[in-house]
Structure formats: C-alpha cells, structure tokens
Amino acid sequence: MGEFKHLVIVKFKEDVVVEEVLKGMEKLVSEVESVKSFEWGQDVESLEMLRQGFTHAFLMTFDKKEDFIAFQSHPKHVEFSATFSAAIDKIVLLDYPALLVKAPA
C-alpha cells in the first residue's frame, strides 16, 4: 500500500484572520512526525459558481494509512482541530490512498 492523503477544502468565516490559522497549521505539521509532506493554496482562478465559496485547500501526505490514523488522535492535532473548526464556515474532507498513474513514455 502506498501513501495516504488527507485533503481539506474550506471556506473561512468572514472575521477570521486566515494568516493566523495558516501559521497554526504550519506549526502543527512541523511538530507531528507522521506528516510526510504538507502543502496548501488559495483559489485564485475558479468561477464563484464552481468554487461554491470554498477558498483554501490543504493537503497532507502520510507514508501509510496507519500514520494518518495516528495523526488524527495526536494531542497537537486534537488541540489544533478545535481552533480550526471554530474558524471555518464550510468544509470538505477527503482521506484516500494515493494511486500513482504513470504517463506513457
């Protein structure tokens, strides 16, 4: 089994200072060893009707599903989740095993 991905797509509440939340997220992933990689971005191209209000995406990669399961119950994740949940208006979560497809040579 290959890598496991944790994708979070959110719309923050109007009064939230997004930079503060991002700092907290970056601190979290730097302190939890099971997170193999982390990337995030803010939508700048999608039409509003397609975006449905969602503005930011966060993607964490783990070596295996068991590392993700350990992450979910890690005290630092549990603590940050309360802060993160209070800051969001809407959320979509997808957790999945990564399937690599190679392009033809």
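Partners of Thr55 by side-chain hydrogen bond (donor to acceptor under 3.5 Å, both in side chains), not counting sequence neighbours: none found. With sequence neighbours left out, the ring pair (Phe, Tyr, Trp, His ring centres under 6.0 Å) criterion links Phe68 to Phe4, His6, Phe62. Applying the side chain to side chain contact (heavy atoms under 4.5 Å, CB included) rule to Ala70 yields no partners; only residues at least two apart in sequence or on another chain are considered. Residues passing the side-chain hydrogen bond (donor to acceptor under 3.5 Å, both in side chains) test with Ser30: none are found, sequence neighbours excluded.
Around atom NZ of Lys76, no more than 12 heavy atoms belonging to other residues, nucleotides or ligands sit under 6.0 Å away. Other residues, nucleotides and ligands contribute at most 12 non-hydrogen atoms within 6.0 Å of the CD atom of Glu33.
Note that CG of Asp67 and OG1 of Thr61 are 11.5 Å apart. Values are rounded to the nearest 0.5 Å. Taken from CD1 in Ile9 to CG in Leu7, the straight-line distance is 4.5 Å, to the nearest 0.5 Å.
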Could you list the donor-acceptor pairs under 3.5 angstrom formed by side chains in residues 15-29, with sequence neighbours left out?
{"residue": "Glu26", "atom": "OE2", "partner": "Trp40", "partner atom": "NE1", "Å": "3.2"}
{"residue": "Lys27", "atom": "NZ", "partner": "Glu31", "partner atom": "OE2", "Å": "2.9"}

Considering only distance and modelled atom types, tabulate donor-acceptor pairs under 3.5 Å from the side chains of residues 80-92, sequence neighbours left out.
{"residue": "Ser81", "atom": "OG", "partner": "His77", "partner atom": "O", "Å": "2.8"}
{"residue": "Ser81", "atom": "OG", "partner": "His77", "partner atom": "NE2", "Å": "3.4"}
{"residue": "Ser85", "atom": "OG", "partner": "Ser81", "partner atom": "O", "Å": "2.8"}
{"residue": "Asp89", "atom": "OD2", "partner": "Lys11", "partner atom": "NZ", "Å": "3.3"}
{"residue": "Lys90", "atom": "NZ", "partner": "Gln52", "partner atom": "O", "Å": "2.4"}

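Transitive grouping of hydrophobic side chains (ILVMFWY, heavy atoms separated by less than 4.5 Å) brings Phe58 and Met60 into a common cluster. Hydrophobic clustering, with ILVMFWY side chains joined whenever heavy atoms are under 4.5 angstrom apart, keeps Phe38 apart from Val78. In the hydrophobic clustering of ILVMFWY residues, with side-chain heavy atoms under 4.5 Å counting as a link, Val35 and Leu94 come out apart.
Judged as a salt bridge (Lys or Arg N to Asp or Glu O under 4.0 Å), the pairs with a partner in residues 36-47 (not counting sequence neighbours) are, in order, Glu3-Lys36, Lys36-Asp63, Asp43-Arg51.
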